[in-house]
A.B. asks: 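Have a look at this one.
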Amino acid sequence: MDLTAERLLGSASRLSRDPETEIDWDAPVGDGYGMSPEWSTLYGTPYWDELSEEQQRELTRHESASTATTGIWFEMILQQLILRDIYDKPARSPEFQWALTEIADECRHSIMFAKATTRLVDPAYRPRLLARELGRMFKTVATGETAYAAILVAEEVLDVMQRDWMRDNRVEPLVRTVNHIHVVEESRHMVFAREETRERLAGAGRGRRWVSALVIAIAADMIVSSMVGREVYVNAGLDVDRAVREARQNEHHRSLLRTSCANLMDFLGSVGLLTPAASRVYRRTGLL
Amino acid sequence: MTFVISGDCCSDASCVAVCPMNSIHPAPGEPGFGTGASLFVDPRTCIDCGACADICPVDAAKPADRSAPADVERNAAYFADREPLEATDLDTWEPVSYQVWGGGPRRVLVVGAGPAGMYATRELLLRTTAEITVVDRSEHLGGLVRFGVAPDHPQTKQIIDTFERLVRHPRVHWRPRTDAAALRSGGGRGSDGRGLPDGYDAVVHAIGARRSRRLGIAGEDTACTAENFVAWYNGRPDAPPPPALVGPGAVVVGNGNVALDIARLLLSDEEQLRRTDLVPDVRRTLAASGIKKVVLLGRRGPDQAAYTEPALRELLAVAGDRVELRYQARPTAWTSAGLTLDSGEVIAAGNLFTAIGFEGRPVDGLPFDAERGIVPNVRGAVVGRPGHYVAGWIKRGARGGIGVNKACAQETVMTLVSSSRGAASPGS
């Protein structure tokens, strides 16, 4: 573990990005898409085709802001999970120092996301009450592989979307830069989370694996279903009931999600966290 | 310090997709991808995050300080006359492309559970909601990964774990020991008139190219083909026993990695053999062969050789001066005395192995291009046979390593999904 941590610390010193100085926060924001339109929850539905291009753009900006807010929410959970995990570990170890570096990264990312959403749309988003309350509980009690695999799930789902958006020149340049910063630093975080998950699971019995796998799957469901809620459609001026209904049946979106999560599912499978119960949850959420 | 990709690279490009700095090339779509050589990490832009190593299915990506110096050099050399791609300039990345969902098939039959078939299955699971039936003649999945990759390369075989997880997916129905022909024509069930088996909307033929090409020389029938020898040393259940191994000399005709695998195993000493996954019987036979020297015969020059440089290096490390590389030599006849070349020279040898490539067999009911040994197709769709698709070696010829099948299967499934979409809503 320390070897990995040392390497990651080296990598961070090679390239860490500072959104404060790297992004010109006073520059005017254009009217580009908030995310690749194909990533919109409505893309590919009849409703999407009825919207004007301007409405489509507006919808993606709200969806992007809402997704980023989910990112902030989970980064807070994550910071607390890591802080609790390293609370009494030796401060001189690379593992400890890397953990604090990661917390610092996440802290900067959250500020960056918050500022970017302010520039992108007027309304502020927040995960729904149930997610917030479950998150409150999760960050207080989750430990070991449950904590690290949940971190991995959240970051990996976000990561794949952001890789698409950052390369897409239809997307607002501010969003592209923000996403690239997140992708670069997150790659190190995911390496760390995988390593920690593997290490914590070594020698775990079947019962513990079964419980952990299920908890992680439920956390994943909570995260993914929190990304875009009813409010987004309200603020984008859409027929909310219809939007929710069509988004829920949007196989295009589910297919994109499954594709994004393919590597993650391979990993969970390889460490024995794709138990039948967990797989059922992932299938319902549309990740498997 | 950076990460480095070794010659064991499978080129499935999962590392390309996770590199946050766009440092790994050639990426799918770039010149050089899919030709069999490995991928490389640009040391000028790599930030040492380790994402590539984490995802690599065959453990070929490693930190530079834990890699062979030759691998470090190869990675650097690949980029020597290329401009570094500045990852922060996001327009230097490949643009995104999406496949839009549009219905898709309900039931798909995948024939062959080798890498091409399994990558196609994976892609179908991701891109469609279809129920997928996978059949294979063998009782095992993995195809050439299990029965083609040399047993002293166990890391390459790790990908089988991923394939095994795929067939446990609830939408996948795995039918080992099943002949696809039974589903197509017999078994009391007919086809639907479009040449598709009953109940299937599409068939993906991923049957590979197993048959060894022939030299076409006198006496060749007593030589051992790569097809048979590789199947034997990998313990494939139905493999015919090899001819008696006769020392001290042997000739391997061929200049691909399979030829090098054969030469390497023939020349590995007992200690080296013990470190492999060989079944004890095979190991004992190889160790007792008495073969001390191997001539590796290339019919053309070293520049045309199909082997990769790391594979050659590995052979030389194992065999030293016990392997002789000969080029521009055309064999004309094989007898118990040895191999006669067109120059009149006779290379004394007790065994001849032929490893000059593989070719596909025709598939019942599908057109066949005998020249190239493939089923003629357009981006995976079989020409003139709607509903039939091909992936892997039967689609593009017997070239390219395991991972190349990923991009190949992706292309086929993309074609399948878009044409099934066209069929569902013509004119849309």
Side-chain angles (χ1 to χ4, degrees), chain A residues 3-4 7-8 10-12 14-15 17 22 36-39 43-44 159-160 163-170 173 176-177 179-192 194-195 250-256 258-263 265-267 269-270 274 276 279-280 283 288, chain B residues 1-3 14-15 17-22 45-55 57 63-66 87-104 122-129 158-159 161-166 168-171 406 410 417 421 428:
Chain A
L3 208 69
T4 305
R7 204 176 292 287
L8 294 173
S11 171
R14 242 175 114 101
L15 184 69
R17 308 197 36 183
E22 211 177 307
S36 299
E38 289 84 354
W39 266 106
Y43 188 92
D159 181 74
V160 183
R163 277 171 202 261
D164 284 348
W165 308 348
M166 78 187 193
R167 283 148 59 203
D168 192 334
N169 59 22
R170 297 167 297 177
R176 294 180 73 188
T177 310
N179 286 346
H180 188 231
I181 291 176
H182 195 242
V183 162
V184 169
E185 302 199 319
E186 230 39 69
S187 66
R188 291 188 282 256
H189 299 177
M190 290 187 305
V191 166
F192 185 67
R194 281 170 189 241
E195 178 89 13
N250 187 353
E251 272 303 332
H252 166 73
H253 194 71
R254 291 171 77 90
S255 158
L256 274 187
R258 274 201 302 275
T259 313
S260 320
C261 292
N263 287 338
M265 292 301 144
D266 280 348
F267 172 77
S270 72
L274 268 191
S279 300
R280 269 196 295 282
R283 287 196 75 197
L288 190 67
Chain B
M1 236 221 350
T2 65
F3 274 69
S14 11
C15 54
V18 299
C19 175
M21 297 303 284
N22 203 8
T45 54
C46 170
I47 55 166
D48 206 18
C49 68
C52 52
D54 227 11
I55 204 78
D65 58 353
R66 282 175 40 216
T88 48
D89 175 2
L90 294 168
D91 292 326
T92 65
W93 293 68
E94 279 278 294
V96 269
S97 67
Y98 293 95
Q99 183 165 21
V100 180
W101 175 263
R122 185 178 202 255
E123 210 53 29
L124 283 164
L125 282 174
L126 299 178
R127 305 280 178 192
T128 74
T129 49
Q158 286 175 22
I159 191 116
D161 297 345
T162 309
F163 296 163
E164 275 171 354
R165 276 197 299 282
L166 287 178
R168 285 199 300 267
H169 193 282
R171 277 199 280 133
K406 186 172 176 183
Q410 276 167 350
V417 172
R421 181 179 168 223
S428 69

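This is a predicted model, so every value here is computed, not measured.
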A.B. asks: Is the shortest heavy-atom distance from the side chain of A:Leu288 to the side chain of B:His169 under 4.5 Å?
C.D. replies: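 Result yes, sub-4.5 Å side-chain heavy-atom pair found.
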
A.B. asks: Please flag which part of B:Gln99 lies under 4.5 Å from any non-hydrogen atom of chain A: side chain, backbone, both or neither.
C.D. replies: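 Contact with chain A is through the backbone of B:Gln99 alone.
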
A.B. asks: For the residue pair A:Glu185 and B:Ile47, establish whether any side-chain heavy-atom pair is separated by less than 4.5 Å.
C.D. replies: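 They are not in side-chain contact.
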
A.B. asks: Can you tell if the side chain of A:Tyr43 reaches within under 4.5 Å of the side chain of B:Val100, non-hydrogen atoms only?
C.D. replies: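 Sidechains of B:Val100 and A:Tyr43: in contact.
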
A.B. asks: Restricting to non-hydrogen atoms, name the atom on B:Pro63 and the atom on A:Arg7 that form the minimum distance, rounded to 0.1 Å.
C.D. replies: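 Scanning both residues completely, I find the closest heavy atoms to be CB-NH1, 3.1 Å.
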
A.B. asks: When heavy-atom pairs shorter than 4.5 Å are enumerated against chain B, which of A:Cys261, A:Gly44, A:Ala262, A:Ser279 gives the highest number?
C.D. replies: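 Answer, by heavy-atom pair count under 4.5 Å with chain B: A:Ala262.
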
A.B. asks: Counting only heavy atoms closer than 4.5 Å, note whether A:Arg280 contacts chain B via side chain, backbone, both or neither.
C.D. replies: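 Neither part.
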
A.B. asks: As an exercise: rank B:Leu166, B:Asp161, B:Val18 by heavy-atom pairs under 4.5 Å with chain A and give me the winner.
C.D. replies: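 Between B:Leu166, B:Asp161, B:Val18, the count favours B:Val18.
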
A.B. asks: Please examine the side chains of B:Pro20 and A:Arg188, heavy atoms only from C-beta on, and report whether any two atoms are closer than 4.5 Å.
C.D. replies: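 No, too far: nothing below the 4.5 Å cut-off.
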
A.B. asks: Is it the side chain or the backbone of A:Met166 that comes within 4.5 Å of chain B heavy atoms, both, or neither?
C.D. replies: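 Both backbone and side chain.
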
A.B. asks: Within the distance-only criterion (no hydrogens, no angle test), does the side chain of A:Arg163 pair as donor or acceptor with the backbone N or O of B:Ala17 below 3.5 angstrom?
C.D. replies: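 At least one qualifying donor-acceptor pair exists.
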
A.B. asks: Which atoms of A:Phe192 are under 4.5 Å from chain B, going by heavy atoms: the side chain, the backbone, both sets, or neither?
C.D. replies: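 Neither; nothing under 4.5 Å.
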
A.B. asks: Looking at A:Glu186, A:Arg194, A:Glu22, which has the largest count of heavy-atom pairs under 4.5 Å with chain B?
C.D. replies: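 Option with the top pair count is A:Arg194.
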
A.B. asks: Can you sort out the partners of A:Leu256 under side-chain contact (heavy atoms from CB on, under 4.5 Å), two or more places apart, ordered by chain and number?
C.D. replies: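 With neighbours one apart ignored, the set is A:Trp39, A:His252, B:Tyr98.
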
A.B. asks: Over all heavy atoms of both residues, which pair between B:Asp54 and A:Val191 is shortest? Give the atoms and the distance, please.
C.D. replies: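 So the two residues come closest at OD2-CA, 3.3 Å.
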
A.B. asks: State whether A:Asp266 and B:Arg122 are salt-bridged, where the test is any N-O pair (Lys NZ or Arg NE/NH1/NH2 against Asp/Glu carboxylate O) under 4.0 Å.
C.D. replies: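 Counted as a salt bridge, because a side-chain N and a carboxylate O are separated by less than 4.0 Å.
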
A.B. asks: Would you check if A:His180 and B:Leu90 make a side-chain contact, meaning some heavy-atom pair closer than 4.5 Å?
C.D. replies: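 Contact flag for A:His180/B:Leu90 side chains = yes.
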
A.B. asks: Please confirm whether the backbone N or O of A:Ser255 pairs with a side-chain atom of B:Arg127, one donor and one acceptor, at under 3.5 Å?
C.D. replies: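 Here the side-chain-to-backbone pair does not exist.
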
A.B. asks: Charged N to carboxylate O under 4.0 angstrom, B:Asp91 versus A:Arg176?
C.D. replies: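 A salt bridge is present here (some side-chain N lies under 4.0 Å from a carboxylate O).
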
A.B. asks: Let me confirm one number: the CG-OG distance from B:Asp48 to A:Ser187, rounded to the nearest 0.5 Å.
C.D. replies: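 The CG atom of B:Asp48 sits 10.5 Å away from the OG atom of A:Ser187.
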
A.B. asks: What pair of heavy atoms forms the shortest contact from A:Leu8 to B:Cys49, and how long is it?
C.D. replies: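 The pair with the smallest heavy-atom distance is CD2-O, 3.3 Å.
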
A.B. asks: Heavy-atom cut-off 4.5 Å, strictly under: side chain, backbone, both or neither for B:Thr92 against chain A?
C.D. replies: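 Neither part.
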
A.B. asks: Are A:Arg167 and B:Pro95 close enough that some pair of their side-chain heavy atoms sits under 4.5 Å apart?
C.D. replies: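 No, every pair of side-chain atoms sits at 4.5 Å or beyond.
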
A.B. asks: Got a sec, which residues hit side-chain contact (heavy atoms from CB on, under 4.5 Å) with A:Arg254, two or more places apart in sequence or on another chain?
C.D. replies: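 Counting only residues at least two positions away or on another chain, A:Arg254 forms a side-chain contact (heavy atoms from CB on, under 4.5 Å) with A:Glu251, A:Arg258.
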
A.B. asks: For chain B, which candidate among A:Gly10, A:Pro173, A:Ser36, A:Ala12 shows the most heavy-atom pairs at distances under 4.5 Å?
C.D. replies: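 Sorted descending by pairs with chain B, the first entry is A:Ser36.
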
